[in-house]
Amino acid sequence: MKDIRSEFTALSQLIYGKPLVYLDNAATSQKPKSVIDAMRCFYEEHCANVHRGVHRLSELATVHFEKAREKVKNFINASSVQEIIFTKGTTDGINLVASTYGRQNICAGDEIIVSQMEHHSNIVPWQMLAQEKGAILRVAPIDDEGAFLFDAFSALLNAKTKIVAITHVSNALGTVTPLKKIIEASHACGAVVVVDGAQAVPHCAVDVTNLDCDFYAFSAHKMYGPTGTGVLYGKKKWLESMPPYQGGGDMIASVTFEKTTYAKPPAKFEAGTPNIAGVIGLGAAIDFMQRVGVQNIAFVENDLLQYASIAVEAVPGLRKIGTAKHKASVLSFVLKHVHPHDISSLLDRQGVAIRAGHLCAQPVMQRFQVPALCRASFAVYNTKEEVDVLVKALIKVSEVF
Amino acid sequence: MFDDDINDLYQELILDHNAHPHNYGELKCANHQARGHNPLCGDDVEIFLLIKNDCIEDIRFTGQGCAISKSSASMMTDELKGKSLAEVQAIFHIFHELLTAEDSSKLDINALGKASVFSGVKQFPMRVKCATLAWHTLIAALNDKNNAVTTE
Ligand SMILES: Cc1ncc(COP(=O)(O)O)c(C=O)c1O
């Protein structure tokens with residue numbers, strides 16, 4: 001583990017004179033040198049636009065860019081690189097599906113199901129679509145532990161259900177949803193399934209072919225990669241029949257003032273110069289994860305989560321929120337009536353970075369009747385000693401209030 | 001227990017007002033009121049004023065939020081009760097400058113009474129809005145702005 005930590009320069013800094021304990025990985029992870037180097041190498045050595053020039057640098061840039069697409073395809077086991085669309089991130093990917101597939105296929109009276117624990121980015125685009133089309137947004141509930149209630153979800157499915165938009169792992173509660181069952185049941189009633197994989201891809205092996213999901217969106221920056229880059233996986237049959245997202249360069253086959261014909265996927269959905277360095281960085285992040293081993297990452301994080309879940313019980317007045325059986329990486333809690341921002345400010349001065357607030361999941365706050373949550377979230381480079389620092393600091397907070 | 005600067009932020013006085021806020025609850029006879037919201041923290045405050053003869057005859061607040069926002073509202077209501085509107089504007093100005101101006105050494109912070117304890121918040125840029133929310137909401141109430149104030 002020491003070796004892994006040393007690859008992350010940011011982790012060795014002091015914050016207010018104390019060693020940084022970075023436990024806000026669900027917001028964004030730190031980046032290993034290999035990712036930063038890959039991006040620097042692009043800018044220093046083969047910076048050029050992709051898919052355009054016929055000169056040497058453009059050719060090199062295109063090769064690296066497309067190599068990253070191949071890596072993503074293998075990483076999530078898609079059947080073809082044509083199913084891998086580069087986006088700005090999860091939010092962008094979900095909005096892409098809502099504005100293309102959604103606009104094309106949702107009519108008045110149709111139903112869209114989301115869960116009660118979605119991130120705002122998997123609620124608002126569907127709400128906007130439903131408003132535009134006169135469709136209905138249905139919410140699949142969760143229980144007091146934060147577990148997905150499959151039977152209640154099944155009961156919502158009907159012939160009018162056209163889209164099921166569901167998270168793979170909840171960013172607020174850490175809950176892992178029974179995705180395979182959800183997808184099977186949704187398909188059985190003719191709905192497509194859009195998966196928010198932002199919190200899953202960093203922590204577990206994802207196989208979109210085995211899941212049989214229709215769309216799967218995730219962000220590079222939560223999986224040791226750069227910000228501003230993400231992936232939308234879509235089944236080829238949908239991508240081919242969907243209208244384009246944005247118009248512009250790279251997404252066309254031919255343009256005249258009378259008529260434009262569109263390129264095939266994925267180019268059809270990648271108008272404009274993409275985040276080339278970001279995509280190359282994402283490729284390097286996948287290399288990093290595969291080098292460490294996705295199974296090992298999951299093992300280390302689960303071990304930390306177990307350890308931390310027990311350790312925080314020593315903090316007087318602390319209540320864990322999100323205690324489902326199947327969880328990944330996330331430990332959320334409240335402490336007496338202390339507002340999470342007060343807790344976070346106090347921890348910050350101990351060098352401990354956690355997230356405090358509504359976590360972009362206000363319906364989760366409403367479900368558990370709290371104004372906000374504290375969230376510690378783990379990555380492969382975290383240690384039990386860091387958990388101990390967190391617990392000690394929380395005990396101090398508990399004494400102050 | 002914690003370092004000095006964090007103790008500056010979470011002083012006894014602030015913790016006390018957080019645990020036992022003064023002037024908390026609706027003011028039924030209010031003739032001015034406004035609601036403020038800090039989307040970052042989710043702090044929510046409503047200020048009720050009874051103004052008579054250009055003077056704050058009574059002031060109360062409700063809402064929920066972090067210790068900084070709640071204690072700030074509590075101390076503000078203590079300090080402003082009985083003050084003239086001209087005094088209120090002057091005090092608001094000093095409070096605002098204390099937390100946001102680069103150089104606050106020339107301010108007459110005695111005018112703030114207890115609320116001067118918030119000078120330490122300046123070391124915590126992310127939390128300045130928590131301390132100023134109640135004050136901005138107060139100004140909105142005075143101006144009868146019915147749209148909820150937000151710190152963003
Ligand atoms: C579950 C979940 N979905 C979606 C997002 C949005 O990701 P991004 O901000 O990278 O688009 C996040 C992260 O913020 C998340 O945790």
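These figures come from a predicted structure and were not determined experimentally. Here is how names work: the chains are called A, B, and so on, in the same order as the sequence lines, proteins then strands, and each is numbered from 1.
H339(A) and C66(B) get closest at one heavy-atom pair: CB-CA, 3.2 Å.
Within the 4.5 angstrom heavy-atom criterion, only side-chain atoms of D43(B), from C-beta onward, approach chain A. Of the atoms belonging to A67(B), heavy atoms from both backbone and side chain fall under 4.5 Å from chain A. Of the atoms belonging to H341(A), heavy atoms from both backbone and side chain fall under 4.5 Å from chain B. In this structure, the portions of I68(B) lying under 4.5 Å from any heavy atom of chain A include both its backbone and its side chain. Heavy-atom distances place the side chain of K18(A), and not its backbone, under 4.5 Å from chain B.
Surrounding NZ of K336(A) are more than 12 heavy atoms belonging to other residues, nucleotides or ligands, all under 6.0 Å away. Around CG of N53(B), the count of heavy atoms belonging to other residues, nucleotides or ligands within 6.0 Å does not exceed 12.
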